[in-house]
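Reading through the structure tokens given below for one structure.
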Amino acid sequence: MSYVKIEGGNKLEGELFLQGSKNAVLPILAASILCRGKVMLHHCPDISDVRNLLYTLSFSGVKSTFKEGLLELDTTDAKPYRFGPELAGKTRGGVLLLGACWGRFHEAGMAYPGGCVIGARPIDLHCRVFRQLGAILTEESEGVMLRGCPAGGRVMLSYPSVGATENAVLAAVCATGTTVICGAAREPEITELCRFLNSAGGRIRGMGTSRIVIEGVNGLYGTEYTVSGDRIVAGTYLAAAAVTAGEVCLCGTGQVCLNGILECFRKMGNRVYREGDSVILRAPKRLRAVPGIVTAPYPAFPTDMQSQTVAMLAMAEGESCVTETVFESRFGVVPELQRMGADIKRIGRSVFIRGTEHLHGATVTATDLRSGAALVLAGLAAEGETCVAGYEYIARGYEDICGTLGRLGAMTVVAE
Ligand code: EPZ
């Protein structure tokens with residue numbers, strides 16, 4: 001296992017260009033199966049979740065070349081493939097291959113993706129969506145099998161699941177007839193997927209609202225698309241400046257939706273504003289506590305910024321409370337921050353934080369992607385050296401986090 005070694009105490013200052021969005025590009029990679037012809041994606045982040053999904057796609061005959069942010073996909077020879085457990089569990093985005101493959105081949109099979117440390121991550125809502133679109137769905141011990149032709153209709157989501165909404169869109173875009181998705185997730189990544197599909201000949205409207213209408217088309221063609229910046233990575237690097245009393249200019253954020261994130265950072269005492277295609281954050285000497293932050297589906301405060309925010313508040317002046325309503329066990333960062341001197345108490349789905357002026361360096365362990373990023377943030381501000389084990393988790397979603405932070409003045413290095 002590799003780890004990130006951080007010497008804390010440096011103020012982070014400077015500017016950086018925001019990487020492409022992981023949670024936008026993963027559904028788009030799945031959607032490429034529906035496009036008969038070449039797909040060119042610009043500003044694609046070079047992260048392990050993307051590499052892993054490309055590897056999984058290769059089993060279905062999808063060819064790809066990826067260099068300096070330009071990803072070219074050729075699905076001409078794509079064919080049905082039953083993805084086993086070793087592939088299904090490689091990256092969460094893999095479950096979206098069910099909707100895309102069923103949409104193209106009228107058959108799809110995948111082992112259950114399984115849970116992870118932040119929650120059980122079942123796919124019952126996905127299966128309900130497929131059945132509502134006419135799938136002959138069989139659930140066996142080794143996974144899910146879809147057969148039959150996707151038929152447009154009404155899809156009712158009892159919870160605005162991001163993945164289940166994306167699978168509904170992927171299955172419906174080439175279905176016979178029109179589909180109306182009620183109770184859809186409204187995350188910007190859903191909008192991005194729909195924009196991509198429309199650029200390839202799809203006929204989707206209402207994306208970004210809870211009611212999406214999809215007129216099925218006979219097929220999609222090749223397209224060229226630029227992936228927008230990653231809103232969670234943006235929040236993470238803004239947080240890096242915030243915890244070190246620094247100042248950062250984040251370029252390439254013009255189209256990035258930072259709802260919920262900027263408001264929270266302002267409550268902590270940061271001056272943060274947009275200027276052209278950039279977001280600029282000037283941090284106070286010490287952050288202020290925020291009494292009540294609650295994560296929930298978009299447009300509420302994003303769960304993917306929860307761990308990073310807990311780390312920020314651990315050093316803020318005053319008492320804060322953060323409640324996690326999306327995943328059932330997403331406080332893995334708490335015991336690790338406590339090892340660095342944080343005063344945090346967990347009661348049920350909330351954590352109560354009493355800010356301490358300084359954390360101290362320690363050897364800590366990332367349990368998932370965002371808790372890993374949060375521990376790096378804590379290490380940037382802590383006194384002394386922090387070693388964050390589990391760099392592999394962080395590399396799933398952050399392109400060269402050490403190089404990026406190093407360009408802002410941080411002393412960070414990846415070590416074996
Ligand atoms: C997407 O996961 C993101 N991943 C997650 O980002 C993000 O945290 C999440 O949406 C919420 O915004 C990608 O886009 C690849 P959900 P997804 O379906 O689609 C429950 C990150 O750090 N649920 O909206 O899996 C589920 O267990 C990752 O980048 C069911 O019960 O999220 C969870 O409690 C982490 N049954 C809640 O809904 C289902 O069939 C939200 O899940 C599906 C979901």
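As the structure lists them, so they are numbered: ligands from 1, and atoms in each ligand from 1. Remember, predicted model here, so these are calculated numbers, not experimental data.
- Taking 4.0 Å as the cut-off between side-chain N and carboxylate O, Arg128 and Glu139 do not count as a salt-bridged pair.
- Within 4.0 Å of ligand 1, contacts by protein heavy atoms are made from Lys22, Asn23, Leu26, Ile118, Arg121, Pro122, Ile123, Asp124, Leu125, His126, Tyr159, Ser161, Val162, Gly163, Thr303, Asp304, Val326, Phe327, Arg330, Leu369, Arg370.
- The ring pair (Phe, Tyr, Trp, His ring centres under 6.0 Å) search around Phe59 returns Tyr55, Tyr81, not counting sequence neighbours.
- Sorted by first and then second residue, the salt bridge (charged side-chain N to carboxylate O under 4.0 Å, His left out) pairs involving residues 172-186 (not counting sequence neighbours) form an empty list.
- Thr75 has its side chain within reach of Arg104: a pair of non-hydrogen atoms, C-beta onward, lies under 4.5 Å apart.
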task = Please step through ring pair (Phe, Tyr, Trp, His ring centres under 6.0 Å) for the pair Tyr225 and Phe196, ending with a clear verdict.
result = CA-CA 7 Å; Tyr225 187 84; Phe196 168 81; 5.7 Å; yes
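- For the ring pair (Phe, Tyr, Trp, His ring centres under 6.0 Å) test, no residue two or more places apart in sequence or in another chain qualifies with Phe352.
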